[in-house]
Amino acid sequence: MARILRVALPVPLYTCYDYLPPREAWPEQAGRGCRVRVPFGRGRRVGVVVAVTEHTEVPQHKLRPAQAWLDAEPLLDAPLMALLEWAARYYHHPLGEVLDAALPTLLRQGEPAQWRLREHWWVTEQGRNTEPDALNRAPRQAQLLARLQALGERGLEASELAQMPGQARRAARALADRGLAVSAEQASPELLQGEGVETPPAPLDDQQAVLDHLQAAGEGFQPILLEGVTGSGKTEVYLRATEQALASGRQVLILVPEIGLTPQLLRRFRRRLAVPMAVFHSGLNDRERLDAWLAAREGRARVLIGTRSAVFAPLPEPGLILVDEEHDTSFKQQDGFRYSARDLAVMRARRLGVPVLLGTATPSLESLQNALAGRYAHLHLKHRAGGAAMPSFRVLDVRGRPLREGLSPALQTAMDAHLAADGQVLLFLNRRGFAPTLLCHECGWVAECQRCDARYTWHRRAGRLRCHHCDSEQPVPRACPECGSVDLRAVGQGTERVEQVLAELYPDVPVLRIDRDSTRRRGAMDALLAEAHQPGARILLGTQMLAKGHHFPDVTLVGVLDADHGLYGADFRALERMAQLLIQVAGRAGRAERPGEVLIQTHHPEHPLLHTLLGSGYDAFARAHLEERRGAGLPPFAAMALLRAEAVQAGHARGFLQAAAEQARALAGGGMQAGVMVLGPVPAPMERRAGRYRAQLLLQAESRAALHRLLARWVPGLAALPTARQARWSLDVDPQDMF
DNA sequence: AGCACGCCGACT
DNA sequence: GTCGGCGTGCTC
C-alpha cells in the first residue's frame, strides 16, 4: 500500500501525473496543497499535490519518484484548493495552469514559502530594564526605546525607522552603543501598518442600512450589490464593513480594478484602520508579491487590497470580500486562464460562507440581473456626500454643425462660460495620438499596418505611425508611397490633435492631456494629477484613463467629444459599456456648491440609449437594456463560451475551429445537450492582428448547465484534433468581449 | 508547452 | 554525403 502523489503540473494538459513520494522523509504535515519538485519528461517541474492516493492507473514501471517536497505543510489550504479545482472545471482550463495563476512567481519557481530577511531592532535585557526617561538628554532615543519596549519580541522593522520622525536610525545606533538595543536579520513580510488616525464620520442612513444588513446577515454567505453614484460614500461603507469584520477577528479581501485606484483607496484604509495591511498588484516586484501573499497566508495582514489575481490570495481567517467597481472589465483575465475575479470572488465567498459586497455606480447587467432575481441583495446609496447635486446632462446634436477638430460651437460656448467662472473642464476622447488616419489627398492611399487589419495612428509629436493593435511603428512618410504626392492629411481627431487646437483656442488656460502616451514616463501621471488639482481654470483632456478612479472636484463641465463610436459598436455589450463610461466620466465632476454639467456630442441625438440614460438614469437604462437582452436571448439570459484561434497561415485557425465545430455539433445534436447552439466559425472582427489570422467559434446556451455539460465532453478532446497544432487556441467561458 | 524522434531539401 | 525543416507523440 505504497502512497502515490497525484500532481498538477503547469502544462496545458488536462491530466494530472502520478509520482512515487520523494525518497526523503515524508514531513508529517505534507500532502495535498504542497508543492513538489518532480521529474517531467527530460526536465523538472514544480507541481502541486492534489491528492495522496494508493491507487493509480499508471503502470508501475512508468512511475518515477518525486524529487523533493518544497513545502512541509500545505501551501494552499483545503478551501483554496477546492476553489481552484472548481475554477479549473468551470473555465475548462488545465488545473496545473490554474494553480500556476494562483501562485506568486517565486513560489511557482520553487522558492521557499518564506519571508525575506529584514533588519529588525529589539530591546536588550538591559534596555528592557531601563526607564526611557533616564535618557532625558536624548529624547529621540528615549522615544525609540519606549517604542521598542512596547513591541517586545516582535521588534521593529528597520524600514519603519525611516518613517519615524527625526533621525531614528541614528537614535537606534546610539541605543545599540549603550547596549540597550540590538539589531539582526529576521524573516518578516513587508506590511503597511494602518495609522487609524481618522475619526469615522457618522454614517448616513443609507450607509447604515447596508451595515445593518451585513450585521443581520451574520457570518454566512451574503452577496450584496451595492449601487451608489460617485461621491455617495461607498468607500465609507467599505471601511465600516471592514471594521466590523476586523472586530470579529477576521481578514478582509478587497479587489480593485487595475488602473491606479489602489493608492487612493489604500490611503483611506490606512488612515482609518490601525491594522497591518498588504497590497497585491501588478506594480510589485516578485519578492514584494510573495511577501504580501505570505502575509495574507500567515494572517499577519488583516486587510489585503489587490487587483484581479488577489482573488486567489490565501486567507486563513476570511471574514468579508469586497469588489470595488464590480462592472470593471479588468476583473476578467484576457489571456491564458481567462477567469473573472469578480465571479470567483462571489464563488469564493459562497464556499467560505462569508459576505461579499459588489460596489459600483453602474452595475454590470450580470450583477444587476442577479440582484433583480433575488440572488443578491440590492442596496443603494442615494445621497452624494455633502448633498452635492448630480450633474445635469445635455446632448449636443452635432449634425451639420461646424466642428473645429471635433469641438462644436455649443461645446466651446459652454467651455468659455465655465472657464471664465474659474471652473475646470474635462474633455473625454477615447482615442490617443494625433489622428487615427493618415490619408493621401491625391490618390486616397491610407497608411495601414502591415500586420493588422487596421490603420496606423499618426503620432505627430513622436513623428511616428503607430499601430494600436500590435507593437509596430514606423516613421511618417514624407510623400505618398503610391503616387508620390506630399499632400498627406490627418483624418479624424486624437487627443494630441485636440490638445493642439485647445492651445490655440485657449492660449491662457493650461491644458493637461492624460492618456497612455502622456503618462508613460514614471511619475508623469502623479505630476499631471497634482497639476489638475491646482486651483484655477484648467482643461483636462484624456482617454478612458481619465474616466476611472480619480475625482476632480473643481471640474464643473464634462464634454464627451464623440459618443457615436460606443453607440453602434459591433459587440452586444457596446451599449452597456458606453452607458457605464458616460456615467463614470460624469462622476468625475462637480461637488456641493458647484453642480457639474455634462455635454455629450453625437450625430445620433435620438438614440434610445442617450434618451433613457440621460432622461431617467443608469438604472432605468440598465433595466430596459436587460429586457432587450432577454428578448434577444443574450447574456445574462444565456450562457456563452467562445473558442478563439489564431494562426500565421490564413485558414489554419478556421480549419481547426471547423473541426472543433463539427465535434461540438455532434455532441449538441446527440440529445444530451439540447439547447446549445454552435455558431460559426467566423473570422474575428479584426481578422488579422499582429500578423496572425484570427477566427472564433461561439457556443451559446439558454442554460449554463447544458453549456457546461457540452464543454466538459468537448474541450478535453480538442487538443487531439489533427488541426489543433496548426493554431493557437483558447477557450473563453463567459467572454466579456467578442474580439 | 517543451522536447524528443523521424523522414525529405540545400549545403560543407 | 550531412544539417535541419517541422509533423506527431509523449511526458507519471
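Each chain gets a letter, A, B and so on, in the order its sequence line appears, and its residues count up from 1. Given the structure is predicted, the values throughout are model-derived calculations rather than measurements.
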is_close_aromatic(A:Tyr19, A:Phe40), centroid dist under 6.0 Å: no
Could you give the CG-to-P distance, from A:Leu95 to C:dC12, as a whole number of Å? 18 Å
Across the strands shown, which category fits A:Pro39 at heavy-atom distances under 4.0 angstrom: base, sugar-phosphate, nothing? sugar-phosphate
I need the NE2-C1' distance between A:His61 and C:dC10, as an integer number of Å. 13 Å
Value for CZ (A:Arg6) from OG1 (A:Thr53), rounded to nearest 0.5 Å, stands at 5.0 Å
Check whether any side-chain N or O of A:Tyr19 sits under 4.0 Å from OP1 or OP2 of C:dC12, and answer yes or no. yes
Provide, to the nearest angstrom, the distance between the OH atom belonging to A:Tyr14 and the C1' atom belonging to C:dT11. 17 Å
Looking only at side chains, do A:Thr56 and A:Asp18 share a donor and an acceptor under 3.5 Å apart? yes
Quick one: A:Leu9 CG to C:dT11 P, roughly how many Å, whole number? 13 Å
Between A:Trp729 and A:Phe656, is the ring centre distance below 6.0 Å? yes
Candidate nucleotides B:dA4, B:dA1, C:dT11, ranked by approach to the side chain of A:Lys62 - the nearest: C:dT11
Please tell me which of the listed nucleotides, B:dG2, C:dT11, C:dC12, lies nearest to the side chain of A:Leu63? C:dC12
Of the nucleotides C:dC12, C:dG9, C:dT11, which one has an atom closest to the side chain of A:Arg64? C:dC12
Output the rounded distance in Å from CZ (A:Arg44) to C1' (C:dT11). 16 Å
Just checking A:Leu13: base, sugar-phosphate only, or nothing, at a heavy-atom cut-off of under 4.0 Å? base
Side-chain donor/acceptor contact of A:Arg45 with base of B:dG2 under 3.5 Å: no
Among B:dA1, C:dT11, B:dC3, find the nucleotide with the atom closest to the side chain of A:Arg42. B:dC3
Are A:Asp471 and A:Arg451 close enough for a salt bridge, meaning some N to O gap below 4.0 Å? yes
Roughly, in whole Å, what's the span from CG in A:Asp100 to P in B:dA1? 14 Å
Give one of base, sugar-phosphate or nothing for A:Phe40, where a contact means two heavy atoms less than 4.0 Å apart. base
What's A:Arg725 touching, base or sugar-phosphate or nothing? Going by heavy atoms closer than 4.0 Å. base
Whole angstroms only, please: what is the OH-P distance between A:Tyr17 and B:dA1? 13 Å
